[in-house]
Amino acid sequence: MFAWLLISTVPMPSMMTMLKLATNQASLEEIEEEHNKRVVIALYEALANKDIKTAHRLLAHDLEWWFHGPPIHQQHLMSLLTNQSTIPPSSSSSTRPSKSFIFHPISNIVAFGSMVLVEGFNKDWNVSWVHAWTVTNGIITQVKEYLNTSVTVTRFGDGGSIASSPGITSQPRANCQNVWQSKVSDNKSVPGLVLAL
């Protein structure tokens with residue numbers, strides 16, 4: 001009984017304290033997301049200005065790169081990140097522009113935790129693109145590049161549980177919510193992919 005009295009005299013956090021803690025956590029997440037967006041914006045600015053030193057400072061040395069799209073476009077981003085020519089010798093045909101491929105974001109840059117999403121359209125090449133960057137401690141550690149692909153980002157969570165019948169244990173139910181979808185390829189017939197958070 002003595003132990004119970006000691007435990008019961010410890011003050012419980014008030015509802016206001018709990019709300020402040022939740023608000024502080026949300027604020028920290030928003031601050032992290034804004035910082036991650038600034039890192040990615042700085043990378044695009046460095047690439048546009050051909051500032052390779054800044055670009056390399058923002059990228060992990062062992063950057064993980066994923067690509068989905070037509071193989072002829074596979075070299076564009078990697079060429080920029082490695083400071084190589086963006087026009088491969090095989091593209092000398094008149095169907096491809098002689099200009100370098102330039103990535104100009106055309107919509108709001110959004111972040112979900114460490115993932116930063118950017119989309120755009122290159123008119124010279126008639127290519128829509130989406131980049132999903134992962135930022136860890138201020139350094140870009142991964143990029144998933146999608147060209148001429150519609151991308152939907154979905155957040156999975158615990159949707160509670162449903163009982164299958166009386167007397168039988170309930171089964172967990174997954175909750176799935178679309179939180180972002182690319183827009184530039186809406187009028188094109190392109191493959192679609194789902195990124196899960």
Show, in sequence, the C-alpha distance, side-chain angles and deciding distance for Arg38 and His35, and conclude whether the side chain to side chain contact (heavy atoms under 4.5 Å, CB included) test is met.
CA-CA 5 Å; Arg38 283 195 302 271; His35 175 72; 4.0 Å; yes
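- To the nearest 0.5 Å, atoms OG (Ser150) and NZ (Lys183) are separated by 10.5 Å.
- Phe103 and Pro105 get closest at one heavy-atom pair: O-CD, 3.8 Å.
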Show the numbers, then the answer: is there a side chain to side chain contact (heavy atoms under 4.5 Å, CB included) between Tyr146 and Leu195?
CA-CA 11 Å; Tyr146 304 95; Leu195 289 177; 3.1 Å; yes
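- Ring centers of His76 and Trp129: at least 6.0 Å apart, outside the cut-off.
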Given Trp180 and Thr154, is the side chain to side chain contact (heavy atoms under 4.5 Å, CB included) satisfied, shown in steps?
CA-CA 7 Å; Trp180 186 86; Thr154 302; over 6 Å; no
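- Residue Asn148 holds its CG atom at 5.5 Å from NE2 of His73, rounded to the nearest 0.5 Å.
- Between the side chains of Trp65 and Glu145, a donor-acceptor pair is found at a separation under 3.5 Å.
- Judged purely by atom type and a 3.5 angstrom limit, Ser79 has no side-chain atom pairing as donor or acceptor with the backbone of Leu77.
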For residues 39-50, please give each side-chain donor-acceptor pair under 3.5 Å, one per line with the distance, not counting sequence neighbours.
unit_1	atom_1	unit_2	atom_2	d
Tyr44	OH	His131	ND1	2.6
Tyr44	OH	Trp133	NE1	3.1
Asn49	ND2	Glu45	O	3.0

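- Hydrophobic clustering (side-chain heavy atoms under 4.5 Å, transitive across Ile, Leu, Val, Met, Phe, Trp, Tyr) keeps Ile102 apart from Val143.
- The local environment of CG in Asn178 is crowded, with over 12 non-hydrogen atoms from other residues, nucleotides or ligands closer than 6.0 Å.
- Smallest separation of non-hydrogen atoms from Arg57 and Ile139: O-CD1, 3.5 Å.
- Between Gly113 and Glu33, the closest heavy-atom pair is N-OE2, 2.8 Å.
- Cluster membership check: Val130 shares its hydrophobic cluster with Leu197, using side-chain heavy-atom separations under 4.5 Å among Ile, Leu, Val, Met, Phe, Trp and Tyr.
- The shortest heavy-atom contact between Ala60 and Thr141 is CB-CA, 4.0 Å.
- A distance of 9.0 Å separates CG of Asn122 from CG of Leu147, quoted to the nearest 0.5 Å.
- With sequence neighbours excluded, the residues satisfying side-chain contact (heavy atoms from CB on, under 4.5 Å) with Glu64 are Trp66, Gln142.
- Between Leu63 atom CG and His61 atom NE2 the span is 11.0 Å, to the nearest 0.5 Å.
- We find the OG1-NZ distance between Thr149 and Lys144 to be 13.5 Å, quoted to the nearest 0.5 Å.
- Side-chain atoms of His56 come within 3.5 Å of backbone atoms of Leu81 as a donor-acceptor pair (strictly under, hydrogens ignored).
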Step by step, would you call Ile140 with Leu59 a side chain to side chain contact (heavy atoms under 4.5 Å, CB included)?
CA-CA 5 Å; Ile140 296 170; Leu59 297 167; 3.9 Å; yes
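- Atom CG of residue Leu28 and atom CD1 of residue Ile31 lie 5.5 Å apart, to the nearest 0.5 angstrom.
- In this structure, the side chain of Thr134 does not engage the main chain of Ser114 through any donor-acceptor pair within 3.5 Å.
- Under a hydrophobic-cluster definition in which Ile, Leu, Val, Met, Phe, Trp and Tyr are linked whenever side-chain heavy atoms come within less than 4.5 Å, directly or via other members, Val179 and Leu117 are assigned to the same cluster.
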